[in-house]
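This report concerns only the one structure given below.
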Amino acid sequence: MVRTLLVRGMLAGLAAAVCAWVFAYLVGEPALDGGIAYEDMLAAASGEAGGEPMVGRGVQSTVGLLVALLIYGVAIGGIFALVFAGVYGRIGRLSARATSAVLALVGYVVVVLVPFLKYPSNPPASSADDTIGLRTGTFVLMLALSIAVAVAAVAVGRRLVARFGAWNGVLLAVLGYLVVIGVIGALLPTIAETPADFPAVVLYDFRLSTLGLHVVLWAVLGLLFGALVDRRSSQRAAELAG
């Protein structure tokens, strides 16, 4: 059963990655080009003309982007399926479709939105090169803590539901997650190094497209995986009835 779910999760992740690639190519690439144009302007002003990249922008924005998203989508899809196998039937009487949709929403908030609010993505030339290690490390730390606090909130939430009822228990668990992750976000260092003359529109569009890309990926993953699992459940029920 777990193997079947894993295969379906990876297939759903594959399809979600393709949809996310279409969104990224149409919406995200123009903002990325704006950051590259600003970087080229700085290089021209300083007289330091950059060399030709090993991989051209045409390949980066098409094949390179697609391959990266496919790998990411398959990995996320597999993990999503394993988590689904662990929580299905344990969060109320939700159907397979509803469980998948709720899990996708929670995954987007915990894995994408919360770390993004503390450390948003930046286009080229909007950050200092010598701080990439610090920025990567703090982002990964924020991501890991967000997942850990979410897991703890789910564990505590099950006890709260048993004691205070489903509605109050879920609200208290969500509130606890928000309070703890808010404290963690306040304690972690803030990295703000975007140049004052960096185009605000480029920065805004790039960050908005990043969130949009993940919205597309997680939405397609949650809906498609739920449909695949629900279809399989219906087929098994028909086989047993026959």
Side-chain angles (χ1 to χ4, degrees), residues 1-2 5-6 8-10 12-13 16 20 72-121 135-191 207-208 210-227 229-230:
M1 183 62 180
V2 175
L5 289 176
L6 183 61
R8 281 168 170 73
M10 295 173 70
Y72 177 76
V74 170
I76 291 295
I79 296 173
F80 184 89
L82 295 177
V83 175
F84 177 90
V87 303
Y88 183 48
R90 295 179 174 86
I91 52 176
R93 299 180 179 179
L94 297 178
S95 65
R97 286 176 181 265
T99 301
S100 181
V102 171
L103 186 59
L105 177 60
V106 173
Y108 176 79
V109 171
V110 173
V111 177
V112 179
L113 184 59
V114 168
F116 179 91
L117 292 177
K118 178 61 180 180
Y119 298 112
S121 57
R135 287 186 280 115
T136 302
T138 50
F139 176 82
V140 172
L141 178 60
M142 186 67 187
L143 173 61
L145 291 175
S146 178
I147 295 174
V149 174
V151 171
V154 171
V156 174
R158 295 184 64 181
R159 299 182 180 180
L160 293 175
V161 167
R163 183 173 181 179
F164 300 106
W167 182 257
N168 292 329
V170 171
L171 286 180
L172 289 173
V174 172
L175 180 62
Y177 169 81
L178 293 177
V179 170
V180 173
I181 206 66
V183 173
I184 291 175
L187 294 176
L188 289 177
T190 300
I191 303 175
R207 291 178 175 177
L208 192 62
T210 300
L211 287 177
L213 181 151
H214 286 284
V215 167
V216 172
L217 190 144
W218 283 90
V220 174
L221 174 61
L223 295 176
L224 182 56
F225 179 79
V229 174
D230 188 67

> If you round to the nearest 0.5 Å, how far is CE of Met10 from CD1 of Ile79?
Replying inline: 10.5 Å

Let me check something: any side-chain donor-acceptor pairs from residues 165-177 under 3.5 Å, sequence neighbours excluded? List them with distances.
unit_1: Asn168; atom_1: ND2; unit_2: Phe164; atom_2: O; d: 3.4
unit_1: Tyr177; atom_1: OH; unit_2: Ser146; atom_2: OG; d: 2.8

>> Does anything in residues 143-155 form a salt bridge (Lys or Arg N to Asp or Glu O under 4.0 Å)? List the pairs, not counting sequence neighbours.
In response: none

>> Test of understanding: with side chain to side chain contact (heavy atoms under 4.5 Å, CB included), list the residues that count as partners of Leu145, not counting sequence neighbours.
In response: Leu141, Ile184

>> So which atom in Leu224 and which in Ala12 form the shortest heavy-atom distance, rounded to 0.1 Å?
In response: CD2-CA, 3.8 Å

>> Tell me the closest heavy-atom pair linking Ala96 and Val229, and the distance in Å.
In response: CB-CG1, 3.8 Å

> Which residues satisfy the salt bridge (charged side-chain N to carboxylate O under 4.0 Å, His left out) test with Arg207, sequence neighbours excluded?
Replying inline: none

> Which residue pairs pass the salt bridge (Lys or Arg N to Asp or Glu O under 4.0 Å) test with at least one member in residues 135-164, sequence neighbours excluded?
Replying inline: Arg135-Glu193

> If you take all heavy atoms of Leu217 and Ala16, which pair is closest and at what distance?
Replying inline: O-CB, 3.3 Å

Could you go through residues 98-121 and list every donor-acceptor pair under 3.5 Å that involves a side-chain atom there, pairing it with any protein atom two or more places apart or in another chain?
unit_1: Thr99; atom_1: OG1; unit_2: Ser95; atom_2: O; d: 2.8
unit_1: Ser100; atom_1: OG; unit_2: Gly222; atom_2: O; d: 2.5
unit_1: Ser100; atom_1: OG; unit_2: Gly226; atom_2: N; d: 3.3
unit_1: Tyr108; atom_1: OH; unit_2: Leu211; atom_2: O; d: 3.4
unit_1: Lys118; atom_1: NZ; unit_2: Gly185; atom_2: O; d: 2.8
unit_1: Lys118; atom_1: NZ; unit_2: Leu188; atom_2: O; d: 3.2
unit_1: Lys118; atom_1: NZ; unit_2: Thr190; atom_2: OG1; d: 3.1
unit_1: Tyr119; atom_1: OH; unit_2: Pro189; atom_2: O; d: 2.5
unit_1: Ser121; atom_1: OG; unit_2: Thr210; atom_2: OG1; d: 3.0

